[in-house]
Amino acid sequence: MEAATPLPFAQVRVVGDALRVDGLVVDDECAVRQAAEADDPARFVSDAIAIGARVLDREQAGANAEFVRAEFERAASELNVQFVERARAVAEGMSTVITRHFGDESSEAVQHKVRQVVHEVSLEMQRQLRAELLSEGEQNPLAQFHLRQVALQQQAAKAQSEQMAALHEKLEATRLEIERLRAERQRLEAVEAERERGTAKGRTFEEEVAEAIDAIALAQGDVAEAVGDRLEAGRKVGDVVVAIDAANGPARGRIVFEAKNTQLSRPRMHHELDDALAERNADFAVLVVASDEKLPARTHQLREYHGDKMVVVYDPEQGPLALQVAYSLARARVRLRKADAGDVVDLEAIRAGAERAIQSLAEVQKIKQQLTHSRSAADKAEELVDAMAATVRANLAEIEQLVAAAAAGGPAEPA
């Protein structure tokens, strides 16, 4: 950009809304440099003048504001001085008035009169409040509350009395039930003591077993004898001894029955039965227990152990069927041992008959259990039980025929 050529004169005038400048020369270094760098020097000059005008206008406004603020501060200071003077004059006047009307040395002081009035009003309010609180009428604000409290206390006392009465009845009923249970327990303990008296065994159960075995032996032509209290070889082992065929001549063998109303362990069972065999000079030993729960551990009823021992459950209320099976199996085993060497014995037939008898007995027990749980089918179940019991007796008779045939010297045809 070429350097500006100075004109002989400069003229600045305002025409309408425009500022006209003729022959103006600006030698400010910053202005010259920025104008030289600008794309439109004329536009730059116009903007520079506009911006500079606004800056000057703002500076002028700030100067005016400073002047106005200084004037306000001066006026406020003068007004403050005047207010303080007037406040001091008013305070001095008020002090005189207050001293006259509120000073303690003045008999006309307002506080004395106010204090007297408040005291009189307080006494009157206390008197009225005391009268209201002590009265029994509706004007007493505590009367309704007192009545409600009395009613609630009476209701709570009544409820507590009823609860105590009910609790007393329950305690009395509980006491009577405890007495009844105690008496029942004592009775059961007396019964159990009676059963365990003498030999630490169930005496009553032993007698029932002896009676049932005697009935079975009588039908077979055998002789049963209760020997629980009798010493035979130095010890009281074995409760009932059966002499096979002793009703018709010399005994062909002996079976010993040991009755227990308590549970034995399996080793104890074998020990007891071995002692019974030795002490009673028997060929076969049978342990009789009162229920399935009293079977020795890991044992099954009607199963032979060591070829000369067996255990069976006898419940007098359920009948002697299981005892009959055990009796017949033991009797057959003894008779087979006593058979002559030349006798022909069908062992497989005897074994099969014994298995059928045991299976039939299991069915009988299952049916009896069903009878216990369902009485609605009692009549039909009883018929099934009788039929199955007849089958068991037929199996036992078959075993007897086979044994008898073996003893006679020749096999017999099954019935």
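- Contact of the P296 side chain with the V311 side chain is registered, since non-hydrogen atoms from C-beta on lie closer than 4.5 Å.
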request  = Show the numbers, then the answer: is there a salt bridge (charged side-chain N to carboxylate O under 4.0 Å, His left out) between D283 and R337?
outcome  = CA-CA 9 Å; D283 302 291; R337 288 181 182 175; 5.6 Å; no

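- To the nearest 0.5 angstrom, D275 atom CG is 11.0 Å from R280 atom CZ.
- Taken from CG in D222 to CD1 in I255, the straight-line distance is 7.0 Å, to the nearest 0.5 Å.
- Using the six-membered ring where Trp is involved, H270 and Y305 have ring planes that are perpendicular, over 60° apart on the 30 and 60° scheme.
- Checked options R180, R187, R182; the residue passing with E184 is R187 (criterion: salt bridge (charged side-chain N to carboxylate O under 4.0 Å, His left out)).
- Of all non-hydrogen atoms in I213 and F257, the two that sit nearest each other are CD1-CG, 3.3 Å.
- Side-chain contact between L273 and E258 is present, with heavy atoms from C-beta onward closer than 4.5 Å.
- Side chain of R254 to backbone of I244: no donor-acceptor contact under 3.5 angstrom is found.
- Using a 4.5 Å heavy-atom threshold, the side chains of V242 and Y327 count as touching.
- Here the CG-CD1 distance, from D47 to I51, works out to 5.5 Å after rounding to the nearest 0.5 Å.
- Remark: E37 CD is packed, more than 12 non-hydrogen atoms of other residues, nucleotides or ligands lying under 6.0 Å away.
- Within the model, atoms CG of L181 and CD of Q186 stand 11.0 Å from one another, a figure rounded to the nearest 0.5 Å.
- A distance of 12.5 Å separates OG in S328 from CD in E398, rounded to the nearest 0.5 Å.
- Under the side-chain contact (heavy atoms from CB on, under 4.5 Å) criterion, P320 pairs with Y314, Q324, not counting sequence neighbours.
- Other residues, nucleotides and ligands contribute only 12 or fewer heavy atoms inside 6.0 Å of the CZ atom of R43.
- A distance of 12.0 Å separates CE of M164 from CD of E169, quoted to the nearest 0.5 Å.
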query = Stepwise, does the side-chain contact (heavy atoms from CB on, under 4.5 Å) test hold for V286 with V256?
reply = CA-CA 6 Å; V286 180; V256 60; over 6 Å; no

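- No side-chain heavy atom of M310 sits under 4.5 Å from any side-chain heavy atom of L287.
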query = Taking it one step at a time, do L295 and V313 satisfy side-chain contact (heavy atoms from CB on, under 4.5 Å)?
reply = CA-CA 8 Å; L295 283 170; V313 176; 3.7 Å; yes

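- Using a 4.5 Å heavy-atom threshold, the side chains of M269 and T299 count as touching.
- Residues R33 and E29 fail the side-chain proximity criterion, which asks for heavy atoms closer than 4.5 Å.
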request  = Applying side-chain contact (heavy atoms from CB on, under 4.5 Å), run through L323 and V288 and close with a yes or a no.
outcome  = CA-CA 8 Å; L323 188 59; V288 185; 4.1 Å; yes

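- Residue E179 places its CD atom among more than 12 non-hydrogen atoms of other residues, nucleotides or ligands, all under 6.0 Å distant.
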request  = Walk me through it: do K309 and E304 pass the test salt bridge (charged side-chain N to carboxylate O under 4.0 Å, His left out)?
outcome  = CA-CA 6 Å; K309 289 180 283 293; E304 285 190 44; over 6 Å; no

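- Electrostatic pairing of E272 and R268 counts as a salt bridge here, judged by a charged N lying under 4.0 Å from a carboxylate O.
- With sequence neighbours excluded, no residue forms a side-chain contact (heavy atoms from CB on, under 4.5 Å) with L56.
- Under the 4.0 Å criterion applied to side-chain N and carboxylate O atoms, K170 and E172 are not assigned as salt-bridge partners.
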From CA spacing to verdict: side-chain contact (heavy atoms from CB on, under 4.5 Å), V209, D239 = CA-CA 9 Å; V209 170; D239 297 311; over 6 Å; no

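- Between K294 and V289, the closest heavy-atom pair is O-CG1, 3.6 Å.
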request  = Could you give me the CA-CA distance, side-chain angles and deciding distance for R252 and D245, then say whether salt bridge (charged side-chain N to carboxylate O under 4.0 Å, His left out) is met?
outcome  = CA-CA 6 Å; R252 303 183 61 181; D245 287 337; 3.7 Å; yes

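- A pairwise comparison of heavy atoms in A259 and E206 identifies CB-CA, 4.1 Å as the closest pair.
- In terms of heavy atoms, A290 sits closest to N261 at CB-OD1, 3.2 Å.
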